[in-house]
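Single-structure report; data block below.
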Amino acid sequence: DSETQKLSLFYESGIYYFDDSNAVFIDPVRVLNRSYNSFRVSPSVYYPRFFESSIPNPISNVTSSPTKRKRKRKRIAKEPPSLNDRELIAVQRHQEARPLLLKGHECLLKSTALLEALSTLKNDSGCWQRECQGAQDSFIELRHEAPLLEVMLNLRLDDPDQVPNDLEVSPNVRCCEQIVLPAFNNLVANDTKVEAVAEILDNRYIIPRESCFYMSDLGQLRNLIPAHADSGFNLIMVDPPWENASAYQKSRYPTLPNRYFLSLPIKQLTHTNGALVCLWVTNREKLRSFVEKELFPAWGVSFAANFYWLKVKANGSLISDLDFFHHRPYEVLVLGYSPGKVNSSGNHSSFKTLKDDNVIISIPGDYSRKPPIADLLLDYVPGLKPPRCIELFAREMMGGLVAWGNEPLHFQDSRYFVER
Ligand code: SAM
C-alpha cells in the first residue's frame, strides 16, 4: 500500500512527506549518508539523546531530592505569571505557529508505520564492519597553530568520474592521490564522486563526495566572495553562534554579539540569479525582532516564510510540552530571498517562490546540531540546477555544499562514522 511505499522511500532518502500537509519527517542520518559510499554516519553516535525507553525510570523518582523536585516544578511553568511586552509578542508568535505545529505532530502520530520505524533509527544495521576510531581536537584551539597546520587529503584515484554515486566501491580499493594543503584559511575540495579521507595531525576526517570546506575565523569569510557574481551561491544557510545565557553552550563553542552578523557578506555571496537565505534563530523575541528589523534589511534579504523544526523523541512524543514558555520543543528557521543582479536580458530562472510556513520533524542529535535541510528546499532555490550551496558557521559537511566556519570538520571526525 502507499504507506509501505512511502516508508521504503523514507528508508532510501531519509525524508517522509506527509500527505496534504506542510510537514515532513526527516532522519538526518539517512540524509547525510547519501554523501558517502564506503562510510556511514553512525546512527548510534548521531543520536545520543531521546531514545530512552518511554517507561519512566523508577530509580530517578526515588533519588530526586525535594529541591530538585521544586526546581522541576518551576521549570514546567507554562507561562510566567506576568508578561512584559516582549514576552507577550513571543506568546503571540507561538500562538500563531501552534496550529501548524500541532497539525504536523498529528500527521506523525497518525503514520503508524513511520512511528514504528522511529525506534529503530538508532540501530546500526548489519552491514557495518567497525566503528571508526578518532580522537577529536578542538579546532577552535588548534587555530592558534593555524599557519602551520596542514591537511593531507587522500583522494581515490579509481577514475571517480566513472563511478556512479550509488555504486559501492570496494573498501579494498585504496589507491590514492595524496594532496597536502594548509588546513586553515584555505578552500579544501574533494571534487571526486566518492568520499575522501583527510588527516590533520593524528585525526582522520571523512570528507563527503563533491564537497569543500574553508576553516577560518569570521575575518577571512570574505575570501569566499566570488570574483564574479555568476559563480556566487543560490542557497545560503546560516546558523550563527548567537549569544545565549546557557553556560552549557558557552562551553561548546564561542559566541558572537549580534552586530558581527550585520556585516556578513550575504549580498556579495549571492549568485546573479539570487539566493534563498535560511537563518536558524532561537525563540528569544529579542533575536526574532533583531532578525526582522535589522539583520534581514542589512543583508538586503526579503522575508519569505518561517520553517519550524519540531523536535520529537523516538516514541513520537514532543521533547517538551508544546506550551512550555522557556523551553519550546521547536526552533525556527527564517527564510528569505537575496535578490542577486538581474542581468541585462532580464533572465530569471524559474522556481517556486516560498510562501508557506512548514514543519520539519526530527529526533535531535548532539547539542545544537541542526538537521540537514538543503534537500527540502531545492524547489525554492533560484538559479540553475544543481544549485550552488554554502553553509555558514557549519560544523559538518554534505555532498554538493561548501562548509565554512571555524570548525567545519567537527562532525566529520571519523569517530562519528562506521566503515563498511
Ligand atoms: N549548524 C551547526 C550544526 O548543526 O552543528 C551548529 C553551528 S553553531 C550554532 C555556531 C558555530 O559558529 C560553532 O561551530 C562556532 O564554533 C562557530 N563560530 C563561533 N565564532 C566564530 C567565528 N568568529 N568565526 C567562525 N566561526 C565561529
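Owing to the predicted nature of the structure, the values given are computational and were not obtained by experimental measurement.
- One finds the CG atom of Asp357 at 5.0 Å from the CG atom of Asn306 (value rounded to the nearest 0.5 Å).
- Atom CG of Leu109 and atom CG of Asn315 lie 9.5 Å apart (nearest 0.5 Å).
- Glu292 and Arg93 are joined by a salt bridge, as a carboxylate oxygen and a charged side-chain nitrogen come within less than 4.0 angstrom of each other.
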Worked check of side chain to side chain donor-acceptor pair (under 3.5 Å) between Asp27 and Tyr46
CA-CA 10 Å; Asp27 171 21; Tyr46 186 94; over 6 Å; no
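- Side-chain contact check for Val334 versus Phe303: some heavy-atom pair is nearer than 4.5 Å.
- Ionic pairing of Arg98 and Asp323 is present here: one or more N-O contacts between side-chain nitrogen and carboxylate oxygen are shorter than 4.0 angstrom.
- Between the Tyr416 side chain and the His410 main chain, no donor and acceptor come within less than 3.5 Å of each other.
- Expressed to the nearest 0.5 Å, how far CD1 of Ile360 lies from CG of Asn22 amounts to 11.0 Å.
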Run the salt bridge (charged side-chain N to carboxylate O under 4.0 Å, His left out) test on Lys6 and Asp19 for me, step by step, so that the C-alpha distance in whole Å, both residues' side-chain angles and the decisive distance to 0.1 Å come before the verdict.
CA-CA 10 Å; Lys6 279 169 72 178; Asp19 293 330; 3.1 Å; yes
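- Using modelled atom types, no side-chain atom of Glu391 and backbone atom of Leu401 make a donor-acceptor pair closer than 3.5 Å.
- Residues Pro240 and Tyr260 have side chains not in contact (no heavy-atom distance under 4.5 Å, counting atoms from C-beta outward).
- Using cut-offs of 30° and 60° on the angle between ring planes, the pair Tyr308 and Tyr330 is perpendicular.
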One pair to check against side-chain contact (heavy atoms from CB on, under 4.5 Å): Glu331 and Lys370. What are the steps and the verdict?
CA-CA 10 Å; Glu331 286 184 48; Lys370 308 298 191 301; 3.4 Å; yes
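- Between Phe417 and Tyr36, the distance separating the two ring centers is shorter than 6.0 angstrom.
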Could you walk me through whether Val151 and Leu409 pass the side-chain contact (heavy atoms from CB on, under 4.5 Å) test, one step at a time?
CA-CA 11 Å; Val151 52; Leu409 296 181; 5.7 Å; no
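- Annotation for Glu210 and Asp191: closest pair CG-O, 4.0 Å, computed over non-hydrogen atoms.
- Residues Pro43 and Leu121 are not in side-chain contact: their nearest non-hydrogen atoms beyond the backbone lie 4.5 Å or more apart.
- Atom CE of Met237 sits about 9.5 Å away from atom CG of Leu276, to the nearest 0.5 Å.
- Taking a 6.0 Å sphere around OH of Tyr11, one finds it holds more than 12 heavy atoms contributed by other residues, nucleotides or ligands.
- Panel note: side chain Arg204, backbone Arg415; no donor-acceptor pair is recorded below 3.5 Å.
- Side-chain contact between Ser368 and Arg395 is present, with at least one heavy-atom pair separated by less than 4.5 Å.
- Residues Asn358 and Leu100 come closest through the heavy atom pair N-CD2, 4.1 Å.
- The CZ atom of Phe233 lies 8.5 Å from the CG atom of Leu392; values are rounded to the nearest 0.5 Å.
- Distance check, rounded to the nearest 0.5 Å: OH of Tyr16 to CG of Leu9 gives 10.0 Å.
- What you find for Ser211 and Gly399 is that their closest heavy atoms are CB-CA, 4.3 Å.
- In this structure, Val45 and Val418 have side chains that are not in contact, with every pair of non-hydrogen atoms separated by 4.5 Å or more.
- Sparse packing is recorded around NZ of Lys293, with 12 or fewer heavy atoms of other residues, nucleotides or ligands lying under 6.0 Å away.
- Within a 6.0 Å sphere centred on CG of Asp85, other residues, nucleotides and ligands contribute 12 heavy atoms or fewer.
- Arg388 places a side-chain N or O within 3.5 Å of a backbone atom of Ser231 that can act as its donor or acceptor partner.
- At a threshold of 4.5 Å between non-hydrogen side-chain atoms, the residues Phe261 and Leu279 do not count as touching.
- Residues Val41 and Glu396 fail the side-chain proximity criterion, which asks for heavy atoms closer than 4.5 Å.
- Of the possible donor and acceptor atoms, none in the side chain of Ser35 sits under 3.5 Å from a partner among the backbone N and O of Pro208.
- Counting non-hydrogen atoms of neighbouring residues, nucleotides and ligands closer than 6.0 angstrom, the CG atom of Asp20 reaches no more than 12 such neighbours.
- Side chain of Arg288 to main chain of Arg284: no donor-acceptor pair is present (N/O by atom type, distance under 3.5 Å, no hydrogens or angles).
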Working note: Glu195 + Asn37, criterion side-chain contact (heavy atoms from CB on, under 4.5 Å); need CA distance, chi angles, decisive distance, verdict.
CA-CA 7 Å; Glu195 64 268 55; Asn37 298 63; 3.4 Å; yes
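- The two residues Thr270 and Ala275 have their closest heavy-atom pair at CG2-N, 3.7 Å.
- Counting only distance, with no hydrogens or angles, the side chain of Asn154 and the backbone of Val197 share a donor-acceptor pair below 3.5 Å.
- Listed for the Thr272 side chain is a donor-acceptor partner under 3.5 Å among the backbone atoms of Ala229.
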Please lay out, stage by stage, how Thr255 and Trp242 fare under the test side-chain contact (heavy atoms from CB on, under 4.5 Å).
CA-CA 6 Å; Thr255 57; Trp242 303 115; over 6 Å; no
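- Contact record, Gly316 with Leu108: O-CD2, 3.9 Å, taken as the closest heavy-atom pair.
- For the residue pair Gly104 and Ala23, the shortest heavy atom distance occurs at CA-CB, 3.7 Å.
- Under the 3.5 Å distance criterion, the side-chain polar atoms of Asn406 are left unmatched by any main-chain donor or acceptor of Asp217.
- In this structure, Phe307 has its ring center no closer than 6.0 Å to that of Tyr380.
- Residues Phe51 and Ile363 have side chains in contact (heavy-atom distance under 4.5 Å, counting atoms from C-beta outward).
- Within the 3.5 Å criterion, the main-chain N or O of Tyr47 finds a donor-acceptor partner in the side chain of Lys122.
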